[in-house]
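Each remark here refers to the structure printed beneath this line.
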Protein chains: 2
Amino acid sequence: MEFNVFAKACPSRPTLEHVTGRWGGLTLGVLVDGPLRFNELRRRVDGVSEKMLSQTLQALERDGLVHREAQNTNPPRVDYSLTPLGRETADRLLALIHLLEARMPEVLEAQKAYDAR
Amino acid sequence: MEFNVFAKACPSRPTLEHVTGRWGGLTLGVLVDGPLRFNELRRRVDGVSEKMLSQTLQALERDGLVHREAQNTNPPRVDYSLTPLGRETADRLLALIHLLEARMPEVLEAQKAYDAR
DNA sequence: CAGCATCCTTATCGATACTG
DNA sequence: CAGTATCGATAAGGATGCTG
């Protein structure tokens with residue numbers, strides 16, 4: 001079977017959107033450093049709301065990229081971690097993120113030039 | 001200077017969003033094969049509307065990832081191509097896309113398992 | 001702590017019509 | 001051909017209150 005994200009109806013496209021979406025990428029990104037709990041994640045992914053983080057984690061879990069482990073204690077404790085596939089995905093994502101971060105001076109330069117026209 | 005996409009106000013975050021956004025990534029992805037004209041792009045990025053493609057291209061051009069070359073002929077002809085930075089970015093993006101496409105069976109499997117609970 | 005439910009505001013998007 | 005302008009539907013997102 002062939003998958004192609006460039007095709008409108010390909011099932012790979014929703015998954016790509018989860019991974020590259022506003023919060024999906026950042027969530028995967030912070031999880032490469034190891035498992036994190038819900039509120040820990042919230043703090044690291046600066047700006048994400050409870051609701052969005054929750055939704056994002058569910059989508060990533062459903063895609064098999066994130067593993068959710070709930071301990072039935074009081075207070076409750078839930079650990080989120082990357083699956084093997086999640087880690088591979090996150091690695092590629094971080095390669096992109098690091099490139100962009102490193103080249104931001106160039107980007108800002110281009111923006112200034114564009115706006116000056 | 002330090003850039004960090006995980007920080008809410010970092011200027012790198014909008015750029016990451018342009019690159020990983022719904023249409024930005026696909027647009028960069030098809031441009032790796034060489035320069036394309038507007039309507040050619042529209043056809044290849046299946047599902048994108050005129051408006052979204054236009055906006056996407058402007059954002060990518062402003063970030064210095066895409067080069068726009070307009071010829072003042074009649075009918076008009078405009079070629080879009082990747083800048084060197086755009087190409088490096090697209091390469092990383094494609095690495096991610098190809099990984100996901102290759103592993104979609106695994107993803108679909110995980111989704112089925114998730115939904116069955 | 002780790003969420004879900006609800007409401008409400010805002011941005012996104014697509015469709016349509018139009019221009020140089 | 002390569003767009004821009006405008007509008008209405010829809011979805012994303014934030015704030016708040018509540019639960020086990």
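Just so you know, these numbers use all the heavy atoms, side chains as well, and skip hydrogens, waters and symmetry mates. Letters A, B, ... are given to chains in the order of the sequence lines, protein chains preceding strands, and every chain is numbered from 1.
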* To do: Output yes when at least one side-chain N/O atom of A/Ser54 is less than 4.0 Å from OP1 or OP2 of C/dA2, else no.
  =>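 Indeed not, no polar side-chain atom of A/Ser54 lies that close.
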Can you check the [X] [atom1] to [N] [atom2] distance for me, whole Å?
X: B/Arg43; N: D/dG3; atom1: CZ; atom2: P; value: 14 Å
X: B/Asn39; N: D/dT4; atom1: CG; atom2: C1'; value: 14 Å
X: A/Leu53; N: C/dC4; atom1: CG; atom2: C1'; value: 14 Å
X: B/Gln58; N: C/dT12; atom1: CD; atom2: P; value: 15 Å
X: B/Glu17; N: C/dA11; atom1: CD; atom2: C1'; value: 13 Å

* Asked: Within the structure shown, what part of the strands sits under 4.0 Å from B/Glu40 by heavy-atom distance: base, sugar-phosphate, or nothing?
  ->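 B/Glu40: no heavy atom of the nucleic acid under 4.0 Å.
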On a heavy-atom basis, which atom in [X] and which in [Y] lie closest, and how many Å separate them?
X: B/Trp23; Y: B/Thr56; value: CB-OG1, 3.6 Å
X: A/Leu28; Y: A/Ala90; value: O-CB, 3.8 Å
X: A/Phe3; Y: B/Pro105; value: CE1-CD, 3.9 Å
X: B/Arg22; Y: B/Leu26; value: O-CD1, 3.7 Å
X: A/Lys8; Y: B/Asp46; value: N-OD2, 3.0 Å

* Is it possible for you to say whether B/Leu99 and B/Val30 belong to one hydrophobic cluster, with membership spreading through side-chain heavy-atom contacts below 4.5 Å? => no
* Asked: Would you say B/Val19 and A/Tyr114 are hydrophobically clustered, going by side-chain heavy atoms of ILVMFWY under 4.5 Å?
  ->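 No.
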* To do: Could you please spell out the steps behind the side-chain contact (heavy atoms from CB on, under 4.5 Å) verdict for A/Leu57 and A/Leu41?
  => CA-CA 10 Å; A/Leu57 286 168; A/Leu41 273 166; 4.0 Å; yes
* To do: Look at A/Glu40 together with A/Arg44 and state whether they make a salt bridge at an N to O cut-off of under 4.0 Å.
  =>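 A salt bridge links A/Glu40 with A/Arg44.
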* To do: Using the side-chain contact (heavy atoms from CB on, under 4.5 Å) rule, take B/Asp79 and B/Leu36 through it: C-alpha gap first, then chi angles, then the decisive distance, then the call.
  => CA-CA 6 Å; B/Asp79 287 289; B/Leu36 290 172; over 6 Å; no
Give each protein N/O atom lying under 3.5 Å from an N/O atom of nucleotides 13-17 of chain D, with the pair distance.
residue: D/dG13; atom: OP1; partner: A/Arg22; partner atom: NH1; Å: 3.1
residue: D/dG13; atom: N7; partner: A/Lys51; partner atom: NZ; Å: 3.1
residue: D/dG13; atom: O6; partner: A/Lys51; partner atom: NZ; Å: 3.3
residue: D/dG14; atom: O6; partner: A/Lys51; partner atom: NZ; Å: 2.4

* **Side-chain touch B/Pro11/A/Met104, heavy atoms, less than 4.5 angstrom** =>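 B/Pro11 reaches A/Met104 side chain to side chain.
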* Near DNA chain C, which residues from residues 68-81 of chain A have a heavy atom under 4.0 Å away? -> A/Arg68, A/Pro75, A/Pro76, A/Val78, A/Tyr80
* Asked: According to a 3.5 Å limit on both distances, what stems of 3 or more consecutive Watson-Crick or G-U pairs are formed with DNA chain D?
  -> C:1-20 with D:1-20
